[in-house]
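For reference, the structure is listed below as structure tokens.
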Amino acid sequence: METCAYKTYNLSFGYHKEADILKAVTMGLSEGKITGIIGPNGSGKTTLIKNLSRVLSPDSGSITVLGKALSEYRQKELALITGLVFQEKESDFQFSVFEIVMMGRYPYKKKFETENERDNCRVFEALEKTQTLHLKDRRFNELSGGEKQRVMIARALAQEPKILILDEPIAHLDIHHQVEILNLVRRLVKEKAMSVLVILHDLNFAYGFCDEVVLLKSGEVFKQGVPQQVITKENIKSVYNANIEIILDHRTNRYHIIPAY
Amino acid sequence: MKETTLSRGKFKGVIVGCSILALVILMGCVTQGTVAIPLKVIIRVVGEELGLIPATLDEDSVLSAYRLILVKLRIPRVVMAFIVGAGLGTSGLIFQGIFTNPMAEPYVLGISSGAAFGATLMSVFGVGGSLLGFSMISLGAFVGALGTSLVVFGIARGNRSNQMTVLLLSGIAISFFLSSLISLMMTLNREVIESIFFWTMGSVSTATWDKILPVGTGTVLGIAVFSYYARELNIMLTGEDSAKALGVDVRRVRLILLHTASFITALAVSVSGIIGFVGLIVPHSVRLVIGPDHRRLIPLTIITGGLFLSITDMIARTVVPPMEIPLGVMTALVGTPYFLYLLIRKKR
């Protein structure tokens with residue numbers, strides 16, 4: 001059997017007692033692969049990854065990371081394994097890009113220990129990988145949306161994680177940066193043997209880019225598997241209540257998903 | 001304009017330079033007062049008191065009068081102003097960091113009103129006496145400040161999804177509630193209005209070494225705790241969720257820092273009354289100059305906050321002798337124009 005980077009079993013969570021956002025979610029994230037999470041607004045995608053990263057703690061069910069229960073990890077220990085990129089929030093505080101990415105080294109640092117040469121190397125490497133090196137002295141809050149997104153990914157890379165979890169990394173980006181960030185993720189999986197879990201809104205990208213897809217419907221896993229089996233006309237109809245067509249482009253030999261109306 | 005971050009070595013130099021400058025300025029503050037005392041005398045008296053210079057045996061009456069003023073009145077007052085200013089500045093720095101809001105201050109959390117409420121209660125019920133050199137009014141203020149913060153944090157902790165909003169709103173609500181109670185008590189007990197009123201204007205004129213020792217120790221301890229979590233607070237500024245993902249125990253750090261800030265504020269208000277604005281403008285001004293890194297903000301906020309209040313108090317007690325202008329009034333008068341200048345200059 002394949003080892004799992006992340007695995008959940010009957011995971012349930014609710015902000016209030018009456019309404020569960022996640023209902024008995026059982027899913028897995030295969031090692032060395034890109035797994036996409038798709039589903040309509042409010043289906044629990046972000047809540048799921050917040051549970052996986054212990055930002056929220058589940059009401060019931062279990063989560064295991066690399067075979068060990070999530071609750072057995074110390075917070076810093078978990079940060080050595082899993083890097084997260086949330087959708088960026090506006091902040092009035094003006095750290096430089098370099099300072100932001102250096103924060104990714106936090107889990108490696110003892111109290112009052114200052115940054116050393118190794119930390120510097122990792123930070124420069126992460127900046128280079130995400131093509132943000134030229135921005136290093138700029139203030140973070142003065143960057144464009146795409147630049148901010150890449151910087152946040154750079155910070156997660158500076159963590160040197162085995163698993164990378166991304167919350168809609170290409171939302172609000174133009175098409176050039178969308179492709180660029182997805183290619184970067186693809187490269188990381190290949191070069192660093194990372195496992196990636198990524199929330200995507202765009203079914204086309206999910207279809208063409210992910211090795212596996214988890215389709216969520218109001219807090220439950222509707223289906224998990226390879227994109228071809230999950231993103232089908234029937235499944236999308238019953239989860240999104242939308243009609244789609246899946247068309248094969250003969251020139252590129254790729255499938256395209258378009259809304260039917 | 002390109003932002004250049006100071007190197008670590010240069011920053012150390014800046015801190016040493018600022019500390020020396022601060023000492024010189026504090027000396028200057030001591031020379032000024034109803035009686036101007038020459039710097040030479042100050043150096044001699046301080047040296048003798050610290051045992052650095054052998055004491056003069058045959059002292060004339062002028063010198064012994066100077067000595068009395070310096071040791072019993074002027075130096076404790078300048079030192080206390082420095083401690084209170086440093087304390088209010090750092091607690092403001094913590095609140096602003098935790099709420100990721102440069103405008104946060106003890107008022108928003110109801111801590112200042114809590115202190116005023118405690119002090120009022122003591123005056124109205126005429127609880128006299130003192131404990132550890134503190135008047136009962138000071139102790140009432142201290143308990144009031146800490147109690148209010150505990151209630152406000154307690155209310156917020158029960159709420160899972162929007163803790164921060166509940167925290168701020170309950171702070172404001174309790175602040176209004178306590179202010180109304182204070183007004184009510186003042187209306188019903190007209191004879192204590194004056195003492196309460198003066199207390200709410202702020203002053204360090206009652207400073208003694210007996211008070212400086214506990215307040216100074218407490219403030220230093222509080223700042224030490226803050227320094228211990230400075231790196232964590234930096235990361236929390238970039239988003240609480242990602243801070244957790246980076247391995248920061250956000251809930252714990254936030255709780256410890258909130259209580260630390262309340263504690264420092266309570267110490268300051270218990271000896272000085274309510275001195276507004278220091279907690280707001282000092283950290284903000286320092287941040288505009290040095291950037292958002294708390295490991296650098298802490299030492300500079302201590303120096304700037306302390307100096308700001310020492311200088312303001314010096315002006316307050318010398319500008320219209322023999323009257324003294326309330327310190328709270330002075331901080332607003334001196335602070336506002338400077339603060340607005342910084343904001344306007346920054347916009348450009």
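Chain letters run A, B, ... following the sequence lines, proteins first and then strands; every chain starts at 1.
Annotation: maximal heavy-atom pairing with chain B below 4.5 Å, among A:Lys76, A:Arg138, A:Lys111, occurs at A:Lys111. Heavy-atom pairs under 4.5 Å with chain A peak, among B:Leu246, B:Ile235, B:Asp249, B:Asn234, at B:Leu246.
A donor and an acceptor atom, one from each side chain of A:Tyr6 and A:Ser195, are nowhere located under 3.5 Å apart. A:Arg155 and B:Thr238 share a side-chain donor-acceptor pair at under 3.5 Å.
More than 12 heavy-atom neighbours from other residues, nucleotides or ligands sit within 6.0 angstrom of CZ on A:Arg186. Environment of NZ in A:Lys109: crowded, with over 12 heavy atoms of neighbouring residues, nucleotides or ligands closer than 6.0 Å.
Looking at B:Val248, both its backbone and its side chain come within 4.5 Å of chain A, counting heavy atoms on both sides. Looking at A:Leu80, neither its backbone nor its side chain comes within 4.5 Å of chain B, counting heavy atoms on both sides. Heavy atoms closer than 4.5 Å to chain B are found nowhere in A:Glu142, neither backbone nor side chain.
By the 6.0 Å and 45° rule, B:Arg231 does not stack over the aromatic ring of A:Tyr106.
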